[in-house]
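Notes to accompany the following structure.
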Amino acid sequence: MENPSPAAALGRALWALLLATLGAAGLPRGGESVCSARAPAKYSITFTGKWSQTAFPKQYPMFRPPAQWSSLLGAAHSSDYSMWRKNQYVSNGLRDFAERGEAWALMKEIEAAGEALQSVHAVFSAPAVPSGTGQTSAELEVQRRHSLVSFVVRIVPSPDWFVGVDSLDLCDGDRWREQAALDLYPYDAGTDSGFTFSSPNFATIPQDTVTEITSSSPSHPANSFYYPRLKALPPIARVTLVRLRQSPRAFVPPAPVLPSRDNEIVDSASVPETPLDCEVSLWSSWGLCGGPCGRLGAKSRTRYVRVQPANNGSPCPELEEEAECVPDNCV
C-alpha cells in the first residue's frame, strides 16, 4: 500500500481540524445538553394577560392609558444569543422596548446576532393586547441548533417593566417537547427609576441590571406592586407553547381558547383576590384650642385616605381625632 505524501497528510489533518471546529460551533456553551432532534418543529405560542384589578388592585391603571400589553417580540436562537437575562444589563434595543415599546433597535440587534454568529434562526411577533386580561398568539419554528425561545412583552403603562421568557429549551434530547406552559412575573429593566405605573421618566444612572419585581421588592410603599401581606405576587401573565403537527391531508392547529369579548378573558374562578389595605396620610397639625374660659376646651386634627381598601383588605382607621386642651383665647 502506498504511503501518503507529507502534503496529503497535512491536508487531511487540516480538513479534520476544520470539521471539528465547525462541529464545535454548533454545540451549546457551558456543557449544556445537545439537541439531536432531526426535523425542525413548529409551535404556537399563546400569551395570556392576567393583569386584572382583582389580582392587582393597587394603582390599577384605568385610563390614559388603561392597563394593557405591548406587542410580543421573540426569537428562536442558540445558546450563543441572549435577548435578556436576570441580573444582567439590558441592551439599548431592549431598553427602548421596555421604556417606550419601540421595537426597531431590538429587531436590528437580533438581526445582527443572526448574521454575525448565526445564533438566531427566526424572529416572531404577536399583536398587542389592548387590556390587562387579554390574549394574543403567534407561530414560530425551532431547529436543533436553535432550540431556545426568548421573548418580551412590555407592561403598559410602566417605567421600564416587562414580562418574558429567557432561553426556554423546547428540545428534550432527541425529541421536541409537545407543550410548555409558564407563569410570568414582572421584571424591571434597570433603566428607569419610576416606582408607579404612571411615573414620569427618571433615568437610572448608572444603569442597573434586570431584577424581578416582587410583593416586597422594591421595598417602598409607593411601588405599584408593593403588597407586604403577600408572600409572592400572583402571576401577571402566562405563556403556553404547543407543538403543531401537519398531517398529510391538512394542517390542524390546536383549538383556540374562545374569548368572551374581543380578546378579553373573564374567568373569575381562577383570578386570585389580592387584599389591598387602606393607606392614610400622616396627621395634620392640631387645630386651635377652643372653649369657654375656666374650662377645658377641645382641639382636633385630621388625616385623609390615600389608598382605599379592596378585596377584604384592612379597613381605614379614624380620620379625625380630638383632644382636650386649655383654650388659648377663651370667650
Side-chain angles (χ1 to χ4, degrees), residues 29 45 47 49 51 65 67-129 136 138 140 142 146 148-169 182-214 217-218 223-225 235-239 241:
R29 292 180 176 180
I45 179 171
F47 173 87
W51 184 18
Q68 58 189 276
W69 301 95
S70 76
S71 58
L72 179 152
L73 182 61
H77 58 90
S78 67
S79 58
D80 298 325
Y81 173 74
S82 174
M83 178 178 286
W84 67 277
R85 187 148 295 166
K86 186 178 179 180
N87 298 326
Q88 293 188 9
Y89 296 101
V90 299
S91 64
N92 292 334
L94 190 50
R95 178 199 62 202
D96 291 349
F97 187 85
E99 290 187 5
R100 299 184 295 274
E102 298 176 359
W104 175 252
L106 182 56
M107 288 282 292
K108 296 297 289 184
E109 290 175 356
I110 298 173
E111 180 182 343
E115 292 178 351
L117 300 174
Q118 296 185 346
S119 55
V120 176
H121 171 62
V123 178
F124 57 91
S125 64
V129 181
T136 189
L140 61 102
V142 289
H146 305 88
L148 306 180
V149 170
S150 298
F151 72 84
V152 287
V153 183
R154 180 177 181 250
I155 298 174
V156 183
S158 74
D160 60 342
W161 302 341
F162 69 95
V163 299
V165 163
D166 169 33
S167 302
L168 173 64
D169 197 347
L182 295 172
D183 287 329
L184 305 179
Y185 300 87
Y187 281 90
D188 187 320
T191 61
D192 192 294
S193 297
F195 270 131
T196 66
F197 295 120
S198 56
S199 292
N201 292 331
F202 184 53
T204 302
I205 302 176
Q207 180 178 331
D208 204 351
T209 58
V210 174
T211 55
E212 184 176 354
I213 301 173
T214 70
S217 178
N223 189 276
S224 295
F225 286 111
I236 196 171
R238 185 173 177 83
V239 64
L241 293 101

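Basis for what follows: all heavy atoms, side chains included, without hydrogens, waters or symmetry-related copies.
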Hey, what's the ring geometry for Phe197 with Trp161, parallel, tilted or perpendicular (30° and 60° as the breaks)?
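It falls in the perpendicular class, over 60°.
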
Shortest non-hydrogen separation from [X] to [Y] and the atoms involved:
| X | Y | answer |
| --- | --- | --- |
| Asp192 | Pro200 | OD1-O, 4.2 Å |
| Ser70 | Arg154 | OG-N, 2.8 Å |
| Ser119 | His146 | O-CD2, 3.3 Å |
| Val210 | Ala189 | CG2-O, 4.2 Å |
| Gly190 | Asp188 | N-OD1, 2.7 Å |
| Ala138 | Ala126 | CB-CB, 4.0 Å |

Test item: [X] and [Y] side chains (from C-beta on) under 4.5 Å apart, heavy atoms:
| X | Y | answer |
| --- | --- | --- |
| Pro218 | Phe195 | yes |
| Thr191 | Leu94 | no |
| Val165 | Val149 | no |
| Leu72 | Phe124 | yes |
| Trp69 | Phe162 | no |
| Ile110 | His77 | no |
| Glu99 | Asn201 | no |
| Leu148 | Asp169 | yes |

Looking at Phe97 versus Trp84, is the centre-to-centre ring distance below 6.0 Å?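 No: the rings miss the under 6.0 Å criterion.
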
Check your understanding: Just by distance, with hydrogens left out, do Thr204 and Ser193 show a side-chain donor and acceptor under 3.5 Å apart?
Key ->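 Short answer, yes.
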
Would you give the length of the straight line joining atom [atom1] of [X] to atom [atom2] of [Y], rounded to the nearest 0.5 angstrom?
| X | Y | atom1 | atom2 | value |
| --- | --- | --- | --- | --- |
| Leu184 | Arg238 | CG | CZ | 8.5 Å |
| Gln207 | Asn92 | CD | CG | 7.5 Å |
| Ile236 | Trp51 | CD1 | CH2 | 6.0 Å |
| Asp160 | Arg95 | CG | CZ | 11.0 Å |
| Gln118 | Ser78 | CD | OG | 9.5 Å |

Practice prompt. Test Phe151 against every option in Val123, Ile45, Leu140 by the side-chain contact (heavy atoms from CB on, under 4.5 Å) rule and name the one that passes.
Written response: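 Of all the options given, the one that passes is Ile45.
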
- Query: Given Ser150, which of Val120, Asp166, Leu73, Leu168 fulfils the side-chain contact (heavy atoms from CB on, under 4.5 Å) condition?
  - Reply: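 Passing option: Asp166.
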
- request: Start with the C-alpha distance between Asp96 and Leu106, add both sets of side-chain angles, then the distance that settles side chain to side chain contact (heavy atoms under 4.5 Å, CB included), and finish with yes or no.
  value: CA-CA 8 Å; Asp96 291 349; Leu106 182 56; over 6 Å; no

**Asked** Ile213 and Tyr187: side chain to side chain contact (heavy atoms under 4.5 Å, CB included), yes or no, with the steps?
**Response** CA-CA 5 Å; Ile213 301 173; Tyr187 281 90; 5.9 Å; no

Closer than 3.5 angstrom, by distance alone: can the side chain of Thr136 be matched with the main-chain N or O of Ala128 as a donor-acceptor pair?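 Checking the backbone N and O of Ala128 against the side chain of Thr136, no donor-acceptor pair under 3.5 Å is found.
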
* To do: List the steps and the verdict of side chain to side chain contact (heavy atoms under 4.5 Å, CB included) for Thr209 and Gln88.
  => CA-CA 5 Å; Thr209 58; Gln88 293 188 9; 5.6 Å; no

